[in-house]
Amino acid sequence: MVNPIPEFAKKVWSKWNIRGVILVSLTLQIILIFMAPMRKRTKKSILVMLLWSTYLLADYTANFCVGLISNKYADEDKPSSTINDFVLAFWTPFLLLHLGGPDTITAFSLEDNELWLRHMLGLIVQVCLTSYVFLLTLPENTLWLPTTFVFLAGIIKFAERTRSLQLASVSNFRQSMVRKPDPGPNYAKLMEELKSRRDAGLPAKIVKMPEIADPILLDTNTSQQFQKLEEASTSAKHGVQDESKDESDGNSIQETTKVARDNEQEENLCDVEVVRDAYNNFVTFKGLVVDMIFSFHERSDSRNYFIKLTAVDALRVIEVELNFIYEAFYSKASVLFNKVGFLFRFVSVSSVVAALVLFVFDQKQGCNEFDVKVTYTLLYGAVALDVVSLYLLISSDHTFASFNSLGSKRNDFVGGISAFKDSIFRGFLKFKRPIWITSEVKSPTWLRNRKKTQLCRHVIFRRWSESISGFNLVSYCLQKKRTHWLDKVIDYIGAKELVEQWKYEKKQPLLQELWIFIFKELKRKSEDVDDVETIQRICSSRGEWVIQEGELLRDDIDKLMPHVDRNIVTFDECLILWHIATDLLFYEVEEDVEKGNHNVHKSDQDGELKDLSKILSDYMLYLLIMQPTMMSSVRGIGQIRFQDTCVEATNFFSKREMMSEVKALSKPCMKLMDVCVEVEPSAVKGDRSKSLLFDACILAHKLKQLKGMKKWKIIAQVWVELLSYAASNCIPITHVQQLCKGGEFLSLVWLLMTHLGLAKQFQIKEGHARAKLIVEE
């Protein structure tokens with residue numbers, strides 16, 4: 001029988017297996033430390049897959065190599081006393097360093113945090129195996145001292161990772177948020193005193209005193225910043241009033257809008273203040289991700305702060321706060337940024353450096369030259385990884401926030417170095433500052449050649465992907481072809497959703513106009529409510545609030561309410577209806593523009609609202625279809641409705657030979673608008689099919705009848721409300737799951753709503769009552 005593995009290959013593997021595998025392990029660590037931070041900055045699937053495979057291979061390779069080394073010694077009756085074997089034993093603790101992983105990644109996904117007990121068992125097993133190999137070389141081992149130093153550093157690194165996973169597990173994270181038991185005021189003692197006074201014949205009574213709210217948990221600089229922001233806001237308002245008096249009625253509205261918009265684009269917070277305030281918010285509200293509740297005092301403090309911010313500053317603070325959440329769940333930040341963490345990291349780095357120095361001055365007589373080079377590679381590689389980790393540690397937002405918190409208690413010394421410290425911090429942080437560029441949009445196609453202000457920061461300095469995805473139903477139906485055998489194979493192996501997301505998902509940079517519009521809408525609602533009931537109503541509204549409280553006439557309200565009322569349509573049904581209706585109206589306007597009718601937009605604001613409505617429409621359908629975990633609590637049978645609608649649309653377009661109209665969607669949409677919809681589709685087809693295609697056409701005709709700017713203003717406001725509803729009803733931990741995949745725009749809206757007080761977590765109306773026992777005269 002022929003041996004399937006040649007003897008030559010066996011000899012090569014026997015000689016070079018340990019050396020090759022340990023170098024591969026080091027290479028994987030280098031890839032991880034540089035690639036891991038990129039996953040929060042981009043949504044590219046290829047990068048995520050590459051990082052996933054590297055993350056898994058790094059652990060498997062290190063474990064495999066430890067087994068190879070231990071087997072080498074176990075196969076010998078008596079361990080060799082040559083210096084070459086001592087070098088091989090010296091490599092074993094380096095694998096503990098590799099199993100500890102870089103600081104930039106401890107978990108690939110949240111599920112990895114829940115397996116911290118498995119990692120703890122792995123730590124114990126690997127420490128025992130390394131100790132076993134090391135003890136077999138004693139007492140002849142001349143490299144026992146550098147081996148001990150690397151062994152110590154490896155244990156610390158592996159323990160850091162295990163501890164980080166433990167702290168980031170949902171149960172432990174929630175437990176760390178639980179406050180001390182609070183029995184409240186001593187009711188029994190107060191009642192006893194009241195009874196004793198009355199028994200003594202004294203006219204006593206208990207008077208309830210209002211609770212004194214806690215001061216805002218920010219330092220003096222932030223309080224000064226509040227005042228500065230308020231003055232800026234006041235001056236802007238006065239400027240608007242003065243201009244509105246001097247200009248005519250038509251121009252005054254445009255000037256007022258322009259001044260208000262310019263005010264929203266300003267950056268009043270410096271970079272250091274952004275990081276510091278974001279960290280304070282993170283410390284206060286990190287319990288959001290595990291469904292903790294907060295008092296109205298915390299809501300008031302947060303809302304007062306964010307109302308005074310411009311939209312751009314609010315975005316800057318929120319994205320830094322999300323970055324803190326990401327680091328708490330996916331990196332070693334929670335372990336490193338404390339006194340104990342710094343101490344152990346100092347010991348770890350010092351141990352590796354000491355091992356390098358000792359090995360440099362060792363004689364190494366009789367040792368294989370290649371093994372010496374491998375050892376130097378491992379030592380210099382370990383030092384280089386520590387240097388890179390130190391740089392990433394110093395330049396992280398956590399470091400800037402920690403130094404600012406230490407400097408908040410000012411004295412003469414701290415005050416003397418404060419300016420120097422802030423100048424250094426600004427030098428680092430200016431690279432991470434958002435960069436807005438006004439230029440013509442290149443993608444998507446329907447927005448091409450229109451000037452918009454886009455977020456265009458370099459990917460290396462981003463804190464999230466800074467993009468908003470989109471998915472369009474009409475475009476999807478027009479591109480859908482007959483089922484191919486390859487499609488059946490993809491569906492069989494369960495990769496259909498992944499392939500369709502890669503094929504049909506469209507990404508574009510975040511537009512400043514979109515963020516400002518959403519910020520204004522949420523800020524307006526936040527300023528109008530103060531009670532829990534109204535907040536709950538706003539959070540549960542899916543367009544009802546806008547339609548009922550807006551500028552519509554009673555007849556228009558009665559026409560549109562059936563398409564948003566929760567008693568009539570579910571959320572997914574509402575979303576698909578408004579998505580198709582928005583497309584139909586949008587491309588009707590685009591068709592008029594192509595024909596030369598440039599008067600379809602009565603103002604620049606009308607055209608901008610149309611574009612923003614289209615972006616939000618595509619984004620919400622993307623969430624419903626391609627991010628089902630984020631919409632699981634409100635999704636319903638959306639997938640069935642979507643599929644039935646797509647089949648009906650595909651049949652409609654194919655019979656009219658329009659399946660090639662992929663780039664020019666205006667013609668297919670106009671064909672849909674031309675369909676007579678006087679009779680309800682359910683009355684003709686029944687309710688077995690869940691298709692909403694022609695129900696959306698009915699909605700589009702109703703919206704088309706709205707006069708003036710009301711149409712696109714109402715559509716845009718409804719989409720903001722649908723977005724807000726999805727954000728507030730999304731399971732909080734799901735937002736954290738998306739942070740390791742570039743983050744979702746929905747998470748920014750969720751955090752903004754929370755800080756503006758529009759969240760269900762604010763359920764405590766009052767704190768402890770301050771009661772006094774008063775004896776009347």
Side-chain angles (χ1 to χ4, degrees), residues 311 314 468 470 513-529 533-552 556-583 585-586 608-624 630-631 633-636 638 696 699-700 702-703 706 709-730 744-760:
I468 181 168
E513 295 86 352
L514 176 64
W515 176 256
I516 291 176
F517 180 72
I518 294 173
F519 180 80
K520 286 181 178 179
E521 286 295 308
L522 296 178
K523 179 180 176 181
R524 176 174 58 85
K525 293 180 179 180
S526 176
E527 292 174 336
D528 294 341
V529 298
E533 290 74 17
T534 308
I535 293 174
Q536 296 292 328
R537 182 185 169 196
I538 289 178
C539 291
S540 60
S541 178
R542 307 175 321 186
E544 303 97 325
W545 181 279
V546 169
I547 293 175
Q548 291 177 339
E549 306 294 332
E551 304 172 359
L552 295 178
D556 294 330
I557 295 175
D558 293 339
K559 290 179 181 178
L560 296 180
M561 278 302 293
H563 301 282
V564 295
D565 192 343
R566 66 179 54 255
N567 297 320
I568 301 176
V569 293
T570 60
F571 176 72
D572 52 271
E573 187 176 1
C574 176
L575 199 152
I576 295 175
L577 281 171
W578 283 83
H579 171 80
I580 300 175
T582 302
D583 259 17
L585 296 175
F586 179 88
E608 183 174 292
L609 290 173
K610 176 178 71 71
D611 292 340
L612 299 186
S613 300
K614 170 67 172 171
I615 294 172
L616 290 177
S617 171
D618 289 353
Y619 179 62
M620 291 303 296
L621 190 69
Y622 158 80
L623 290 177
L624 183 69
M630 299 198 77
M631 307 285 278
S633 60
V634 293
R635 193 181 184 196
L699 173 60
K702 292 180 180 179
L703 289 170
L706 299 179
M709 288 177 57
K710 289 183 179 180
K711 177 175 66 178
W712 287 112
K713 184 178 181 181
I714 289 296
I715 293 174
Q717 288 178 333
V718 167
W719 277 118
V720 171
E721 204 154 286
L722 290 171
L723 178 71
S724 305
Y725 178 81
S728 61
N729 287 276
C730 177
E744 277 296 342
F745 180 68
L746 187 71
S747 301
L748 276 76
V749 176
W750 163 69
L751 209 51
L752 176 63
M753 290 181 65
T754 301
H755 288 311
L756 287 174
L758 302 175
K760 298 178 179 180

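In what follows, residues are counted from 1 in the order of the sequence shown. Quick note: numbers below take in every heavy atom, side chains included, and nothing from hydrogens, waters or symmetry partners.
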Checklist entry - Should Glu721 and Lys525 count as an ion pair when the cut-off is N to O under 4.0 Å? => result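 Result for this pair is yes, salt bridge flagged.
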Residues in side chain to side chain donor-acceptor pair (under 3.5 Å) with [X], at least two apart?
X      : result
Thr534 : Asp531
Arg566 : none
Glu544 : Ser541
Trp750 : none

Between [X] and [Y], is any pair of side-chain heavy atoms under 4.5 Å apart?
X      : Y      : value
Asn729 : Phe571 : no
Leu616 : Thr582 : no
Trp515 : Leu752 : yes
Ser613 : Trp712 : yes
Ile538 : Ile535 : no
Asp611 : Glu513 : no
Tyr619 : Leu514 : no
Glu521 : Trp719 : no

Checklist entry - Can you check side-chain contact (heavy atoms from CB on, under 4.5 Å) on Lys711 and Lys610, steps first, answer last? => result CA-CA 9 Å; Lys711 177 175 66 178; Lys610 176 178 71 71; over 6 Å; no
With rounding to the nearest 0.5 angstrom, report the [atom1] to [atom2] distance, [X] to [Y].
X      : Y      : atom1 : atom2 : value
Ser728 : Leu746 : OG    : CG    : 9.0 Å
His563 : Leu699 : NE2   : CG    : 5.0 Å
Met631 : Leu624 : CE    : CG    : 5.0 Å
Ile615 : Phe586 : CD1   : CZ    : 8.5 Å
Leu751 : Leu756 : CG    : CG    : 10.0 Å

Checklist entry - Can you name the ring-ring contact (aromatic ring centres under 6.0 Å, His included) partners of Trp578, sequence neighbours left out? => result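 Listed in chain order: nothing, the list is empty.
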Item to check | Under the ring-ring contact (aromatic ring centres under 6.0 Å, His included) test, residues paired with His579 that sit two or more places apart | outcome: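 ring-ring contact (aromatic ring centres under 6.0 Å, His included) check on His579 returns nothing, list empty.
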Set of salt bridge (charged side-chain N to carboxylate O under 4.0 Å, His left out) partners for [X], sequence neighbours left out:
X      : value
Lys614 : Asp583, Asp618
Asp565 : none
Glu549 : Arg537

Item to check | Derivation of the side-chain contact (heavy atoms from CB on, under 4.5 Å) call for Tyr622 and Ile468 | outcome: CA-CA 10 Å; Tyr622 158 80; Ile468 181 168; over 6 Å; no
Item to check | By side chain to side chain contact (heavy atoms under 4.5 Å, CB included) - contacts of Ser724 (at least two apart) | outcome: Leu522, Val720, Met753
